[in-house]
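Please read the structure below before turning to the comments.
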Amino acid sequence: MTITTPHLGSPAGAWTDAQLLYALEEVVEKELNRHLEVAKDWMPHEYVPWSDGRNFPGLFEDGEAWDKEQSKVTEIGRIALVVNLLTEDNLPSYHHEIASLFGRDGAWGTWVHRWTAEEGRHGIVMRDYLLTSRAVDPDKLEQFRMSHMSEGFESDNRHSMLHSIAYVAFQELATRISHRNTGHQSGDPVCDRMLARIATDENLHMVFYRNLLKSAFELAPDLTMQAVRDVVVNFRMPGHGIPGFERAAAQMAIGEVYNLRIHHDDVLQPVLRFLKVLEIDGLGAEGRKAQEELGMYMGGLDAEASKFDEKLAARKARMAARAGA
């Protein structure tokens with residue numbers, strides 16, 4: 001794939017994905033070293049309430065069938081936890097996607113493997129917690145996992161390295177917010193602490209990609225602006241292929257785990273504001289067009305989020321009235 005820019009670039013004025021990978025390698029190495037300095041190793045087993053565990057039916061004759069009343073986790077917490085875990089379960093596919101784009105050599109390769117290793121902890125600790133605390137039906141969870149992973153995963157942005165960097169800068173923050181809010185809504189302090197630990201990792205991953213995106217803007221501003229515009233306008237969470245995702249997403253929106261307002265205020269805006277994306281000047285025609293379209297989209301999304309806020313407030317008022325009747 002060859003992409004052109006009237007600004008900085010190769011001597012011929014064109015960028016290929018390979019050239020951009022090479023040009024950003026020094027930044028990747030710098031960000032990787034920074035990440036390794038601040039990231040803290042942690043043990044998944046230390047966040048699991050093992051003493052609460054007991055046998056399920058099957059191999060053990062004393063196995064106790066699952067019932068949702070056995071767990072203190074709220075209904076919205078249970079829904080969000082399943083979505084979050086199934087999203088983490090697709091790590092092999094995510095690794096394949098980024099390893100294919102970024103390569104397995106040099107600083108890029110070191111980051112790819114480090115990121116995969118850190119993400120692996122998230123699925124381990126979440127599944128151990130869910131089964132030990134009996135927060136979800138173990139049979140359905142495994143059926144969902146098999147169905148979701150059997151479908152595979154293909155990134156919407158696999159055609160372009162710049163689009164992929166832009167996507168993960170937002171997606172890592174979205175995942176952090178989803179985990180954090182799930183913990184708050186779970187009703188279980190143990191779950192809250194576990195998801196807070198995971199969210200810390202996700203935030204560091206976001207910072208890595210956000211800083212990489214900043215360098216991409218300095219290197220190829222028009223192309224990066226177009227990539228950000230495309231990603232923001234067409235953004236989808238990586239778990240969109242999970243069985244029943246639309247219904248679960250609607251419930252998570254109402255439960256204030258992740259909705260339009262959160263997406264606008266806590267995910268898109270912080271990254272755009274940090275990078276001053278809508279303030280960048282000196283762009284070419286295509287870059288300016290992408291910047292204007294991005295600004296208009298954000299305005300429209302804010303308006304849609306306000307409508308959702310009004311509906312959610314009205315719903316809360318109705319429920320409060322019924323409770324007081």
Side-chain angles (χ1 to χ4, degrees), residues 68 73-91 93-94 97 119 122-123 126-127 130 135-137 140-157 167-187 191-192 195 198-199 202 206 230-271 297-298 300-316 319:
K68 67 179 181 180
V73 172
T74 61
E75 184 63 21
I76 186 59
R78 184 176 294 110
I79 292 167
L81 280 163
V82 170
V83 170
N84 291 351
L85 174 57
L86 291 178
T87 299
E88 299 286 357
D89 275 336
N90 242 345
L91 182 61
S93 290
Y94 307 148
E97 291 278 340
E119 288 287 342
H122 303 168
M126 288 180 69
R127 173 166 281 100
L130 291 177
V136 300
D137 183 335
K140 288 186 177 179
L141 183 64
E142 177 60 11
Q143 291 162 6
F144 283 155
R145 187 191 70 84
M146 285 295 296
S147 175
H148 184 43
M149 292 193 69
S150 295
E151 288 294 320
F153 172 83
E154 287 188 345
S155 169
D156 295 332
N157 303 287
Y167 175 75
V168 289
F170 294 105
Q171 181 267 320
E172 292 283 5
L173 182 52
T175 304
R176 172 208 168 192
I177 295 298
S178 180
H179 282 309
R180 202 68 192 93
N181 288 343
T182 299
H184 292 330
Q185 301 285 359
S186 69
C191 180
D192 194 20
L195 292 177
I198 293 175
E202 302 291 10
M206 178 277 293
D230 294 345
V231 164
V232 169
V233 170
N234 299 296
F235 186 87
R236 295 195 297 174
M237 290 293 274
H240 59 79
I242 292 171
F245 179 78
E246 287 78 12
R247 184 170 185 270
Q251 292 169 306
M252 289 167 68
I254 293 172
E256 298 182 85
V257 171
Y258 201 95
N259 55 39
L260 283 179
R261 176 53 64 200
I262 293 170
H263 183 61
H264 178 276
D265 290 1
D266 299 337
V267 177
L268 299 182
Q269 283 283 33
V271 175
Y297 176 81
M298 290 299 293
L301 183 62
D302 187 36
E304 287 297 312
S306 294
K307 292 178 182 177
F308 176 83
D309 290 341
E310 292 173 2
K311 292 179 180 178
L312 187 59
R315 182 179 185 276
K316 288 180 178 179
M319 292 180 67

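Computed from heavy atoms alone, side chains included, the values below leave out hydrogens, waters and symmetry copies.
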Gln171 CD to Met237 CE distance, which is reported to the nearest 0.5 Å: 6.0 Å

Straight-line distance of Glu151 CD to Asn90 CG, nearest 0.5 Å: 10.0 Å

Within residues 231-251 or reaching into it, pairs that qualify as salt bridge (Lys or Arg N to Asp or Glu O under 4.0 Å) - sequence neighbours excluded: Asp156-Arg236

Asp192 and Arg180, any side-chain heavy atoms less than 4.5 Å apart: yes

Between Glu97 and Ser93: side-chain donor-acceptor atoms closer than 3.5 Å: no

Thr87 side, atom OG1; Glu119 side, atom CD - distance, nearest 0.5 Å: 10.5 Å

Test log, rule side chain to side chain contact (heavy atoms under 4.5 Å, CB included), inputs Phe144 and Ile242: CA-CA 7 Å; Phe144 283 155; Ile242 292 171; 5.7 Å; no

Spatial distance of atom CE (Met126) from atom CG (Leu86) [nearest 0.5 Å]: 8.5 Å

Where Leu195 and Gly183 come nearest, the two heavy atoms and their spacing: CD1-N, 3.4 Å

Min side-chain heavy-atom separation Val257-Gln251 under 4.5 Å: no

Pairs flagged by side chain to side chain donor-acceptor pair (under 3.5 Å) wherever residues 253-263 is involved - sequence neighbours left out: Glu256-Lys316, Tyr258-His263, Arg261-Asp265, Arg261-Asp302, Arg261-Ser306, Arg261-Asp309

pair Leu268-Phe170: side-chain heavy atoms closer than 4.5 Å: yes

Candidate pair Met319 and Arg315, rule side chain to side chain contact (heavy atoms under 4.5 Å, CB included), full reasoning: CA-CA 6 Å; Met319 292 180 67; Arg315 182 179 185 276; 3.1 Å; yes

Side-chain ion pair, Glu304 and Lys307, N-O less than 4.0 Å: yes

Minimum heavy-atom distance Gly77-Thr182, with the two atoms named: O-CG2, 4.1 Å

All side chain to side chain contact (heavy atoms under 4.5 Å, CB included) counterparts of Pro270, not counting sequence neighbours: Leu173

Side chain to side chain, Arg127 and Asp89, heavy atoms closer than 4.5 Å: yes

Gly255 versus Gln185, closest heavy-atom pair with distance: O-NE2, 3.3 Å

Distance, nearest 0.5 Å, that separates CD of Glu75 from OG of Ser186: 13.0 Å

Residue pair Val136 / Arg78: nearest heavy atoms and the distance that separates them: CG1-CG, 3.6 Å

Value rounded to 0.5 Å, distance of OG in Ser178 from CD1 in Ile198: 10.5 Å

Heavy-atom closest pair, residues Pro243 and His148: CD-CB, 4.1 Å

Minimal non-hydrogen separation, Met252 against Ile79, with atom names: CG-CG2, 4.3 Å

Verdict with supporting geometry, Thr175 and Glu88, side chain to side chain contact (heavy atoms under 4.5 Å, CB included): CA-CA 10 Å; Thr175 304; Glu88 299 286 357; 4.3 Å; yes

